[in-house]
Amino acid sequence: MEKLLKIDRRIIFVLVALAVTIPLLFRFKMAVPPTKHVKSMYDKIDSLPKGSHVLISFDYDPSSKEELQPMALALLHHCFKKDIKVIGMTLYPAGTGLAEKAIKETGKEYGKKSGKDYAFLGFKAGSSLVILNMGEDIYSAFQEDFYGKKTAGMLALKGVSSLREIDYAVNLTAGGIYEAWIVYGREKYHFDLGVGCTAVMGPEMYPFIQSNQLTGFMGGLKGAAEYETLIDHKDRAAAGMSPQSVVHVLVVCFILFGNFLYFASGRKQ
Amino acid sequence: MSFLKRTVPMIIAFIMGILMVFQYYVPHEASQNLLKVVTRWGMIISGFAMFIGAYSLFHLHWNKIKLKVSGWGYSVFVFFGAGITIIFGLYNGGEFFWNDKQVGTMFDWLFDYVQVPAGATIFSILAFFMASAAYRTFRARNKEATILLISAIIVMLGRVPIGTMISQYIPIAADWIMSVPNLAAKRAILIGVSIGVIATSIKIIFGIERAYLGGGD
């Protein structure tokens with residue numbers, strides 16, 4: 001009993017590694033029923049007419065890519081499929097590479113062109129100040145796009161002068177920047193906002209959902225998998241559901257077994 | 001000197017603080033133009049802050065190398081990694097930094113094949129430590145810990161597709177935990193933090209809180 005309680009942590013690490021790799025090697029499909037919060041985001045984008053403008057702020061860096069990049073790709077697939085104009089930007093300096101790759105490669109699949117069907121504005125320092133500046137004048141905040149082209153007169157931005165004219169904004173975030181998007185963006189300039197966040201941040205979104213400050217949210221890889229299910233384009237997030245499920249079950253087993261040993265050994269520390 | 005170091009910044013903070021508070025509630029064109037100018041200034045200052053951040057990082061690691069503190073070898077890698085990235089960033093695939101950013105350069109390669117996998121690896125290590133901590137420390141020691149433990153198990157299973165396969169009630173229970181007790185706790189924390197932020201802002205505007213001036217008083 002004592003030995004089991006003081007088990008070498010490397011054994012636990014090996015079990016976790018196996019729980020991840022085995023489902024990846026022997027794939028088994030799992031149904032991912034969409035939750036109401038993800039469905040709200042999907043419905044909002046799906047209800048937009050052709051030529052509407054959706055702003056996606058890719059506020060994450062490579063450390064949270066595995067959770068947030070599948071969300072970005074799913075959103076982009078949905079928007080491009082519906083001929084919605086996408087405005088991409090990032091408030092994270094390390095987010096530009098991921099954002100550009102996502103927009104460019106997904107756009108290519110649908111024959112979309114930069115400057116005409118989408119605009120990638122790149123990175124700007126200042127977080128909440130950038131949001132406020134965009135709220136007043138989008139061309140003042142981003143005079144040029146990521147590729148150095150003038151934003152004024154850009155076809156993809158036609159009809160948009162500030163955040164007020166944005167039909168829907170999505171903040172894909174790995175940090176607290178979503179609060180700035182709510183306070184300085186959504187509340188001040190009155191546009192609909194959705195959030196895609198890491199799984200650990202998910203619980204923080206519920207107060208904003210109840211107060212209708214957020215139209216919906218996607219939490220972690222599961223949120224991305226739900227969106228992939230809704231757009232009928234199952235990709236990396238849906239594939240990641242089986243290893244994630246097995247690891248969750250393994251962690252639950254660890255907790256239960258650890259507690260069983262704890263009580264069986266007379267509650268020894 | 002004290003006048004320039006303390007009094008002038010406090011006057012600026014007071015004037016700008018009051019001005020921006022009123023600006024938020026005034027939808028007049030002049031007020032909007034003011035916001036546009038101030039936020040552009042802020043964005044420029046934020047750009048400079050990035051240089052200060054880089055300087056601070058290099059300064060810290062240079063001191064670690066100089067004093068040979070424990071783990072100073074890792075600091076060498078900071079200079080090595082940053083140096084290579086800066087060189088290839090400025091080189092810009094042979095077009096140099098004064099031209100538009102080129103695609104498919106060594107800089108892009110470093111991002112795609114070094115920074116992205118390294119970042120993902122560091123983040124994924126979390127799963128191993130969480131599993132280890134769950135086994136070793138997550139104990140039903142008292143009533144509160146037991147409630148937390150049961151909630152955690154329900155949420156963990158309810159947030160993955162396998163939860164639905166075990167029982168259709170698990171996701172419903174998980175959603176209730178998130179939408180009711182979690183929401184109440186999060187909202188209470190949010191209100192507390194917001195009141196704290198307002199109080200600190202008022203203290204800064206009126207010169208009661210001066211830590212931002214340096215010196216710690």
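Below, read A as the first sequence line, B as the second, and so on, with proteins coming before strands; counting in each chain starts at 1.
For A:A225, no part lies under 4.5 angstrom from a heavy atom of chain B. Heavy-atom distances place the side chain of A:K104, and not its backbone, under 4.5 Å from chain B. When heavy atoms are compared at a cutoff of 4.5 Å, A:F123 approaches chain B solely by way of its side chain, counted from C-beta outward. For A:V200, no part lies under 4.5 angstrom from a heavy atom of chain B. For a residue to count as touching a neighbouring chain, one of its non-hydrogen atoms must lie under 4.5 Å from one of that chain's; by this rule A:V247 does not touch chain B. Using a 4.5 Å cut-off between heavy atoms, A:I12 contacts chain B through its side chain alone, with no backbone atom that close. Both the backbone and the side chain of A:L98 come within contact range of chain B, with heavy atoms under 4.5 Å apart. A:A17 touches chain B through backbone and side chain together, each having a heavy atom under 4.5 Å away.
Of the possible polar contacts, one joining the B:R136 side chain to the A:I7 backbone as a donor-acceptor pair under 3.5 Å is found. In this structure a side-chain-to-backbone donor-acceptor pair under 3.5 Å is present from A:H248 to B:M156.
Going from atom OG of B:S179 over to atom NE2 of A:H37 covers 5.0 Å, rounded to the nearest 0.5 Å.
Note on ring orientation: taking the six-membered ring where Trp is involved, the planes of A:F13 and B:F128 are perpendicular (angle over 60°, cut-offs 30° and 60°).
With a 6.0 Å cutoff to the six-membered ring centre and a 45° limit on the axis angle, A:K188 counts as a cation-pi contact of B:Y24.
Listed here is the closest heavy atom pair of B:A120 and A:E66: CB-OE2, 3.9 Å. Closest approach of A:P203 and B:M178 over heavy atoms only: CG-CE, 3.3 Å.
For the 3.5 Å distance criterion, the side chains of B:R159 and A:Q244 fail to qualify, holding no donor opposite an acceptor.
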